[in-house]
Number of protein chains: 2
Amino acid sequence: MASYSDPSQWWRTLATSGETHHYIAIRDQIASRIGTDNLPPGSKLPSERQLQIGAGMARGTIREALFQLEAEGLIYRRDRSGWYVCNPPVVYDPTRWSGFMTYVAEQGHRPETQTLATAERTAGDAGVHVGVAAEATLYQIDRRRLIDGRPVLVERILVNPAMAPGLFRFSLDGSLSRILKDEFGVVVARNCVDMRPCALVGEQAAALGVKPGTPGLKLVRTSFDHADRVVEYDHEYWRHDALRIHVETIVTAD
Amino acid sequence: MASYSDPSQWWRTLATSGETHHYIAIRDQIASRIGTDNLPPGSKLPSERQLQIGAGMARGTIREALFQLEAEGLIYRRDRSGWYVCNPPVVYDPTRWSGFMTYVAEQGHRPETQTLATAERTAGDAGVHVGVAAEATLYQIDRRRLIDGRPVLVERILVNPAMAPGLFRFSLDGSLSRILKDEFGVVVARNCVDMRPCALVGEQAAALGVKPGTPGLKLVRTSFDHADRVVEYDHEYWRHDALRIHVETIVTAD
DNA sequence: GAGTGGTCTAGACCACCTT
DNA sequence: AGGTGGTCTAGACCACTCA
């Protein structure tokens, strides 16, 4: 982790900036530091109180600026540790998605998967999405995935046991799609993806180590095989700054 | 615009709630009101100062709760006017996108398009995306689109004049794709969509009437005809709470 | 002109991370 | 144990909206 440059040098031009609002001025100061200085991704910013003293402003004003930069995806916080410069986001293409592990590695980063919990549960309302009766049993997998050591998403996957009997024999700390293909001969032929901006709250926020209410992206993916049976039904909660989505589509309607 | 229920009744259970943080308790109070009370989309919430008095908390704490609800997409603010209950989001399916106007109407809402500016400009760096030389001329259209009277997106569209000579003869306060199809025989065959969470700042924030730094979604769409020529190159900035994306894809790789 | 949200100050205490 | 961000208070003035 690189350290930040001398805090006493952070405010040279502040008084001379033409900004109307203090927090915008600070935002611009920090943003330009990130752009030009030796503040590579992962660097730690000075503490809020250091910034406060350097800028001669109230701490609330400093925090307002930091929230802006967080919303823009330039910085993120580690709870009660500090503010850090973001990595560039991963590009997500549902049509070419070959799995998190290979995808992130291809883009030059270090992917990691942690299995938080596995369970067998009755399908209930979720059965509709997996194509089984409400009384049927489903495999449920909760995982957390990291890029360069930073948690970026949590997910809950539902799998029909008929597709992959004894799935839990295998380590799930890697690519699930590879296991399904290599061990069970199940291949994904079609994806259905639903996504929307959301706020990360409760368990999701806790698992990602973010403050409840931090903006995020919710992604629901249903994978089908060639016979149009559901392979995976997956709910993913992403940090908003870790993801870019790219889709190419043939226009079918009209 | 519906009015809110009696503010004196907003805090019945506050003292008895088991929440650890005040702002979470307030958030839950308001959220449950939205869920159960007569607070339909578009309703105005009590003012921050009314909520403050009713709850016996500092105004900053109240605002923290409101920001949470905003991030979750339950409420939004109109600058210096008040806080309002959100409409449900529009579902966006790039593969079935038949244009904003018809799409929103189909989902039971009132769409509206305002042309902010039109211009002819040299392509410059954007030429690469439209498939013309940097010295070529492009049509540029800035529009704002509203749902039920509320601005939800601003966009800048670039069109190759060779595809639609004299385009500005037509009113652009409607469906551009219809004009291209009906008047110029240009049909979209393939879409390329890129999206990522962003912060709405500067012009975009101003045009949408949101505070700079409000979270949003940036969507870049390139439309191609059957000959794979670029029909439109479009940058859209959406309110984060107005949109849900739905994609169905055939898996091509692997 | 009254009321609203937007910005800002100057404190305080806490839970948690780090060393 | 010291430092960090997280929460909270109690004020203030401003720009703007709305009636």
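Sequence lines set the chain letters: A, B, ... in the order given, protein chains first and strands last, and positions in each chain run from 1.
Atoms CD1 (A:Ile62) and C1' (C:dT9) sit 12 Å apart, rounded to a whole Å. Between the CG atom of A:Leu51 and the P atom of D:dG3 there is a distance of 16 Å, given to the nearest Å. Atom CZ of B:Arg63 and atom C1' of D:dT7 are 16 Å apart (whole Å). Taking atom CZ of residue B:Arg27 and atom P of nucleotide D:dT7, one finds them 14 Å apart after rounding to whole Å. The distance between atom CD1 of B:Ile26 and atom P of D:dT9, rounded to the nearest whole Å, is 10 Å. The CD atom of A:Gln50 sits 14 Å away from the C1' atom of D:dG2 (whole-angstrom rounding). Distance, B:Ile24 CD1 to D:dC8 P: 8 Å, rounded to whole Å. The distance between atom NE2 of A:His21 and atom C1' of C:dT9, rounded to the nearest whole Å, is 16 Å.
Judged as a side chain to side chain contact (heavy atoms under 4.5 Å, CB included), and not counting sequence neighbours, the contacts of B:Gln204 are B:Val154, B:Tyr237. Judged as a side chain to side chain contact (heavy atoms under 4.5 Å, CB included), and not counting sequence neighbours, the contacts of B:Ala31 are B:Arg27, B:Leu69, B:Leu74. Partners of B:Glu155 by salt bridge (Lys or Arg N to Asp or Glu O under 4.0 Å), not counting sequence neighbours, listed by chain and number: B:Arg143, B:Arg145. Partners of A:Val220 by side chain to side chain contact (heavy atoms under 4.5 Å, CB included), not counting sequence neighbours, listed by chain and number: A:Asp194, A:Lys218, A:Tyr233, A:His235. Considering only residues two or more places apart in sequence or on other chains, B:Arg196 meets the salt bridge (Lys or Arg N to Asp or Glu O under 4.0 Å) condition with none of them. In terms of the side chain to side chain contact (heavy atoms under 4.5 Å, CB included) criterion, residue partners of B:Asn87 (sequence neighbours excluded) are, by chain and number, B:Pro41, B:His109, B:Asp148.
In this model, the phosphate group of C:dT9 is approached by a side-chain N or O of A:His22 to a distance below 4.0 Å at OP1 or OP2. Between C:dC8 and A:Tyr23, no contact under 4.0 Å exists linking OP1 or OP2 to a side-chain N or O. Between A:Thr61 and C:dC8, a side-chain N or O to OP1/OP2 separation shorter than 4.0 Å is absent.
Within the structure, every pair that satisfies the side chain to side chain donor-acceptor pair (under 3.5 Å) test and touches residues 55-67 of chain B, not counting sequence neighbours, is listed here: A:Lys211-B:Glu64, B:Glu48-B:Arg59, B:Glu48-B:Arg63.
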B/S/- contact track for nucleotides 10-19 of chain D, protein heavy atom under 4.0 Å
--BB-BBSS-
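Classified by interplanar angle (parallel below 30°, tilted 30° to 60°, perpendicular above 60°), the ring pair B:Tyr139/B:Phe168 is tilted.
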Using Watson-Crick and G-U wobble pairs whose two distances are both under 3.5 Å, how do you write the pairing of DNA chain C as dot-bracket, with | for links to another strand?
||||||||||||||||||.
Dump the intermediate steps for side-chain hydrogen bond (donor to acceptor under 3.5 Å, both in side chains) on B:Thr113 and B:Asp173, then the final yes or no.
CA-CA 5 Å; B:Thr113 302; B:Asp173 288 353; over 6 Å; no
